[in-house]
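Encoded as structure tokens, the structure appears first; notes follow it.
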Amino acid sequence: MKPKNPSEIVCFLIFAFLAFASVSIIVSYWAGFFFLSTPLILVISLPITFFLWKKFRPEAERIPLEVLLAALLVAGICAFPLLLATPYYMGSSDSFHTTTLRTLETAGKIPETYAPYSGVSFTYQIGLHLFAKIFADLLFFVQDYIVLWALGVLLAAIEAILVYLVSKELFKSEPAGKWAAILFIGTKTIYINMYFGMFHRMLGSCLILLFLYFFLKKNRLAFLLVPAMLMVHIAWTVNCAILMLVFAAFNRQRFTDLLKTVPFAFIALPAFLMDIKIYIAHFSKILGGASEAASPVQPLNMLQFTVSYLLSMGWAVGALFGLSLVYSLLKKRVDRNKLFAFSVFIAGSFMHYFAALSGLTIENELPWLFTLGGIFFISLVFSEIKLEKRHLNYLKILVVALLLLGFSTSSYVTTRIWGTKISPPEASFALKFKDFDPELKTAVFLGIPSAKTAELSNKVPYNAGEGWFLPFDERLVVHDQAYYRELEKIKTQEKIMETKCASCVLDLNADYAVIDIEKFPALPGKSPVLEQGSLKLYKIR
């Protein structure tokens with residue numbers, strides 16, 4: 001059936017957008033070891049998407065006004081920093097997603113290293129970046145980090161709507177779906193992901209929710225989302241696997257249907273082969289007890305860890321979850337649906353603790369799962385409240401106010417609105433540096449954040465392994481000569497900064513030096529070619 005009203009058109013577009021995202025990621029991965037030509041990717045992906053859509057087209061659903069408003073509010077909160085707080089740039093985001101996107105652009109295929117930025121192995125999951133590259137190429141007149149930001153805002157809004165659709169279908173309750181979308185406003189994870197620039201997490205969560213929705217609807221497009229999830233990030237496959245195993249435990253008649261989706265994971269073989277050497281190396285270190293990146297979490301401080309991850313839901317959502325749990329126990333209103341929701345919460349919590357204890361790299365992706373379980377549980381409890389429509393609307397407004405209060409009182413989230421990785425003067429100078437010399441050249445940054453300044457000025461930082469300019473973690477890259485070379489560069493720059501050896505800067509293999517003279521001496525025998533306050537740009541060679 002064709003969509004009949006604007007809200008159904010929105011639903012239709014969301015399904016089509018994520019179906020195209022999945023197809024284009026799969027096509028890009030398989031083709032990417034030979035070429036990454038956006039026109040060719042589109043020529044292949046669009047017909048495949050059209051064919052699958054024609055054959056398995058899902059029925060668009062009406063999206064209630066309060067759900068659309070909740071989605072817009074989430075999108076507005078996500079968009080606020082770049083639009084008003086730190087205009088035209090993201091002041092708290094990690095730079096490595098932009099670097100990864102630029103590496104793909106430069107290489108024209110999936111490369112083996114991060115050249116020209118570094119010789120470090122190119123082993124981070126890149127499903128999101130392959131999808132973003134299509135828009136970055138089409139919108140070549142827009143900065144690539146703005147493209148990533150726009151995708152993040154869009155995915156945040158889509159996730160709120162998908163939470164409604166999944167809850168409504170899963171529990172056969174429209175009120176539960178509406179409450180789930182409203183509660184999503186107060187979840188910390190979506191804003192942490194947005195402000196840190198963790199856009200792959202946002203795409204992964206949308207794919208999981210759409211997979212579950214299509215699975216519930218017995219729509220075979222669900223099969224398409226399995227390899228796409230793996231290609232975006234293995235953590236989202238883990239989240240999905242846990243969620244679906246809990247679902248199968250409560251719906252054993254669907255277990256066979258769930259098993260039928262597993263073979264489609266083999267479509268993600270290129271992504272798995274790219275990552276397998278990292279997983280093997282990391283697990284061997286864990287088993288040998290030699291992992292340098294092991295988490296400080298220990299069994300004895302489990303209570304402290306539990307409190308911290310409950311707060312990671314957002315204190316308002318966490319408080320509503322606690323009250324809903326107590327209410328259900330006291331009233332003895334724990335039905336099958338609530339048991340399922342609580343089981344998702346427990347399974348997600350356990351897996352998060354295990355990942356933190358063992359030092360697995362997926363630790364930070366797992367709070368999404370127990371947060372989802374908490375939202376499911378609260379929405380089921382609130383859907384049982386019987387009030388007149390007017391009073392029910394007042395209650396919804398009150399809950400939204402509480403959720404916004406929870407957001408506004410979270411210093412962890414709100415401080416990141418104003419930028420934690422680069423200040424406005426530093427960002428302004430970085431943009432001027434790019435205007436002065438837009439070419440990709442090497443620069444050393446002293447007294448100024450190297451990763452974000454290099455990202456905004458389109459430069460290669462001398463110490464590319466510092467400040468998350470690259471996904472530079474012992475658990476994410478191959479420990480080859482390039483890895484240890486980056487470690488040496490970090491130590492060299494730290495020593496120069498510590499000793500204030502200005503003449504040593506002239507011996508570095510760099511084209512430029514950017515110095516904050518309040519924190520480091522001016523270069524001897526050199527005059528600045530660009531100045532702004534205490535920030536000076538020197539041409540070394």
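Everything quoted here is computed from the prediction, not taken from an experiment. Along the sequence shown, residues carry numbers from 1.
V153 approaches M194 most closely through the heavy-atom pair CG2-CE, 3.6 Å. For the residue pair H129 and L104, the shortest heavy atom distance occurs at CB-CD1, 3.8 Å. Nearest heavy-atom pair, F211 versus A222, reported as atom, atom and distance to 0.1 Å: CD1-O, 3.2 Å. Considering all non-hydrogen atoms of both residues, F33 and P270 come closest at CE1-CB, 3.5 Å. In terms of heavy atoms, I242 sits closest to A347 at CG2-CB, 3.6 Å. Listed here is the closest heavy atom pair of G197 and H97: O-CD2, 2.9 Å.
Judged purely by atom type and a 3.5 angstrom limit, S379 has no side-chain atom pairing as donor or acceptor with the backbone of G177. The closest donor-acceptor contact from the side chain of S24 to the backbone of A21 lies under 3.5 Å. Here the side chain of T420 pairs no donor or acceptor atom with the backbone of R416 at under 3.5 angstrom. With T261 contributing its side chain and L258 its backbone, the two residues share a donor-acceptor pair below 3.5 Å. Using modelled atom types, no side-chain atom of S45 and backbone atom of L42 make a donor-acceptor pair closer than 3.5 Å. Of the possible donor and acceptor atoms, one in the side chain of W30 sits under 3.5 Å from a partner among the backbone N and O of I267. Without hydrogens or angle criteria, K133 side chain to L36 main chain gives a donor-acceptor distance under 3.5 Å. Listed for the Y191 side chain is a donor-acceptor partner under 3.5 Å among the backbone atoms of I185. In this structure a side-chain-to-backbone donor-acceptor pair under 3.5 Å is present from R102 to E455.
A side-chain donor-acceptor contact under 3.5 Å links S93 and K452. Residues W368 and E159 have side chains that bring a donor and an acceptor to within less than 3.5 angstrom of each other.
Aromatic ring centres of F345 and F377 lie farther apart than the 6.0 Å criterion allows. Taking the centre of each ring, F56 and F214 stay at or above the 6.0 Å mark.
If you take CG on L18 and CZ on F131, they are separated by 7.5 Å, rounding to the nearest 0.5 Å. Note: E174 CD to K168 NZ = 6.0 Å, rounded to the nearest 0.5 Å. Rounding to the nearest 0.5 Å places OH of Y195 at 10.0 Å from CH2 of W418. If you take CG on L207 and CG on N239, they are separated by 12.0 Å, rounding to the nearest 0.5 Å. The CD1 atom of I190 sits 5.5 Å away from the SG atom of C78 when rounded to the nearest 0.5 Å. A distance of 8.0 Å separates OG in S28 from CD1 in I110, rounded to the nearest 0.5 Å.
Side chains of V67 and K178 form a contact here, defined as non-hydrogen atoms less than 4.5 Å apart.
Residues E384 and K338 are paired through a salt bridge, judged by an N-O separation under 4.0 Å between the basic side chain and the carboxylate.
Qualifying side-chain contact (heavy atoms from CB on, under 4.5 Å) partners for L402, counting only residues two or more places apart in sequence or in other chains: W315, A316, L320.
Annotation: Q253, atom CD; neighbour count of heavy atoms from other residues, nucleotides and ligands within 6.0 Å is above 12.
For residues 207-222, the side-chain hydrogen bond (donor to acceptor under 3.5 Å, both in side chains) pairs, not counting sequence neighbours, are E61-Y213, E169-K217. Within the structure, side-chain hydrogen bond (donor to acceptor under 3.5 Å, both in side chains) contacts touching residues 67-85 (residues at least two apart or in different chains) do not occur.
Using bins of under 30°, 30° to 60° and over 60° for the plane-to-plane angle, the ring pair H200/Y124 lands in the perpendicular bin. Taking the six-membered ring for Trp and thresholds of 30 and 60 degrees, F215 and F247 have ring planes more than 60 degrees apart, a perpendicular arrangement. The aromatic rings of F223 and F264 lie parallel to each other, their planes meeting at an angle below 30°, with 60° marking the opposite boundary.
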Please step through side chain to side chain contact (heavy atoms under 4.5 Å, CB included) for the pair L82 and I146, ending with a clear verdict.
CA-CA 9 Å; L82 185 137; I146 302 293; 3.7 Å; yes

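The one candidate from T38, L139, I25, V147 that meets the side chain to side chain contact (heavy atoms under 4.5 Å, CB included) condition with I134 is T38.
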